[in-house]
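Notes follow the structure.
The structure presented is a predicted model; accordingly, all values stated were derived computationally and were not measured. FYI, the numbering just counts along the sequence from 1.
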Amino acid sequence: MKSWLGMQQFLEVTEPGFGQKLCRAPLVGLSKIYQAAGRCREKAYRLGFRPTAKLPCRVICVGNLTVGGTGKTPTVDLVCRTLLESGERVGIISRGYGRRTSPAERSDILVVSDGSKVCASSRAAGDEPLMLARRLPEVPVLVGKSRYRAGQEALARFNLQTLVLDDGFQHLQLSRDLNILVLDGRKPFGNGYCLPAGSLRESPQALARADLILLTRICSHEQREKAEREIRRYNSRAPVVIGCHQPKDLISLQGDQILPLSAIEGKSVVALCAIADPGAFAATLKALSAEVIEAAAFADHHWYSAAELRQVNGRVAAGKSWGLVTTEKDAVRIQPGLLQCPVWVLRIDMVLVDGKELWEEKLKDRGKNAAISSPTGWP
């Protein structure tokens, strides 16, 4: 686990030394092949050589350019809440990355939530879809390898006006009416390389497909200006809004007890997470004045074994800490009963700090956004 995280950090250095360059060299060649293949695939959809399916409803896509860590899932939550406030009937469709099911089962469409109750386990649904189902109990959530089929099923079973496509920026098979791209303002394009030498899923030129850009983790005006300059090299038309990850409260994993953020101030805690940016989680806890005596970090979407959870439980007891603190995404992957220590889940919202009116206008005005992101309309 530590070696995997260390390698990711090693490769993501933006100004590498000799050691990094030497290790990265063979991966750069593979990265260029990966990027070229992605550009060819995008061009095939843009020119109509590969078909694009259209659902008979509005589709809003939320995605990113890099592998995880930008705040995509809380952004999906924010999109749905914005639409619900305006009276829209909205559902979510997702691939359900990391589902612990057989290939045959993953090809089927699974209803994670029917808009009134959760209908699937985390292993069947995937961590992020189940997290969204819990956060948005009134919103149907469906997963499936084919997002088009999942969308058809959602429309057939539920009376929906809009579908939100979770993590779908690279899913070009499905036409969408609004493309929302979430970027980390500190490093919008990671180290500048595509996988496997970097964290980019596709070339920065793909930014041209975005209709609305949400910048997160902006720490200063200078950082924002630099990020926007980089964005405008590839997209001069999409509005840019600023969001931040804002801690909300702490909820007990073993019960329904909810504590205010002030409850963690001055407390010694063990942090547990398996997310794309574990350092950000530890930094958030420290910003809340908690003393992080140990941080147990695993690869993104990692499914904890009973042995690993027993080990973490022992660390909490040995350190005589206040308890274990984890993320919402991790909480759905922790099997009940395997942790005897107090476990608190830090809930975090995506909050707009600049551009809220523009955000609402883009999401709520159905006429202006109609079919602006179909492949035939790409620049």
For the atom pair [atom1] ([X]) and [atom2] ([Y]), what is the distance rounded to the nearest 0.5 Å?
| X | Y | atom1 | atom2 | value |
| --- | --- | --- | --- | --- |
| I213 | E228 | CD1 | CD | 8.5 Å |
| L160 | I92 | CG | CD1 | 10.5 Å |
| R123 | R100 | CZ | CZ | 5.5 Å |
| I93 | C61 | CD1 | SG | 9.5 Å |
| S146 | I109 | OG | CD1 | 6.0 Å |
| S262 | E265 | OG | CD | 5.5 Å |

Cluster overlap [X] with [Y], hydrophobic side-chain contacts below 4.5 Å:
| X | Y | answer |
| --- | --- | --- |
| L358 | L214 | yes |
| W344 | V292 | yes |
| I218 | V353 | yes |
| V182 | V351 | no |
| V112 | M131 | no |

Is there a side-chain contact between [X] and [Y] in this structure, where contact means two heavy atoms from C-beta onward sitting under 4.5 Å apart?
| X | Y | result |
| --- | --- | --- |
| R310 | L338 | no |
| L339 | V316 | no |
| M350 | T216 | yes |
| C57 | L155 | yes |
| Y97 | D166 | no |
| N235 | R209 | no |
| N64 | R201 | yes |
| L352 | L78 | yes |

Write down the atom of [X], the atom of [Y], and the distance for their closest heavy-atom approach.
| X | Y | result |
| --- | --- | --- |
| I275 | P278 | O-CD, 3.5 Å |
| I348 | P247 | CG1-CA, 4.0 Å |
| N191 | G198 | OD1-CA, 3.3 Å |
| R147 | D167 | NH1-O, 3.9 Å |
| A133 | S113 | CB-CB, 3.7 Å |

Output yes when a side-chain donor or acceptor of [X] lies under 3.5 Å from a complementary backbone atom of [Y], and no otherwise.
| X | Y | result |
| --- | --- | --- |
| Q161 | R89 | yes |
| D127 | V332 | no |
| R217 | A280 | no |
| Q254 | C341 | yes |
| D330 | C273 | no |
| R95 | G144 | no |
| R237 | A208 | yes |
| S268 | W322 | no |

In plain terms, say whether [X] and [Y] are close enough for a salt bridge, that is, a side-chain N and a carboxylate O under 4.0 Å apart.
| X | Y | value |
| --- | --- | --- |
| R176 | D211 | no |
| D349 | R135 | yes |
| R134 | D77 | no |

Look at the aromatic rings of F189 and Y234 and report parallel, tilted or perpendicular, splitting at 30° and 60°.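 Ring orientation of F189 relative to Y234: perpendicular.
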
Relative to each other, are the rings of Y304 and H302 parallel, tilted or perpendicular (30° and 60° limits)?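 Ring orientation of Y304 relative to H302: perpendicular.
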
From the options K72, K329, R186, K187, select the one residue that forms a salt bridge (charged side-chain N to carboxylate O under 4.0 Å, His left out) with D277.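 The option that passes is R186.
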
Considering the options R58, K364, R81, which one meets the salt bridge (charged side-chain N to carboxylate O under 4.0 Å, His left out) requirement together with E88?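 Of the listed residues R58, K364, R81, the salt bridge (charged side-chain N to carboxylate O under 4.0 Å, His left out) partner of E88 is R58.
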
Given V164 and L83, is the side-chain contact (heavy atoms from CB on, under 4.5 Å) satisfied, shown in steps? CA-CA 10 Å; V164 179; L83 296 173; 4.3 Å; yes

Decide side-chain contact (heavy atoms from CB on, under 4.5 Å) for I334 and L272; before the verdict, give the C-alpha distance in whole Å, the side-chain angles of both, and the deciding distance to 0.1 Å. CA-CA 11 Å; I334 296 175; L272 172 68; 4.2 Å; yes

The test is side-chain contact (heavy atoms from CB on, under 4.5 Å); show your working for L183 and T70 and say whether it passes. CA-CA 6 Å; L183 297 176; T70 58; 5.7 Å; no

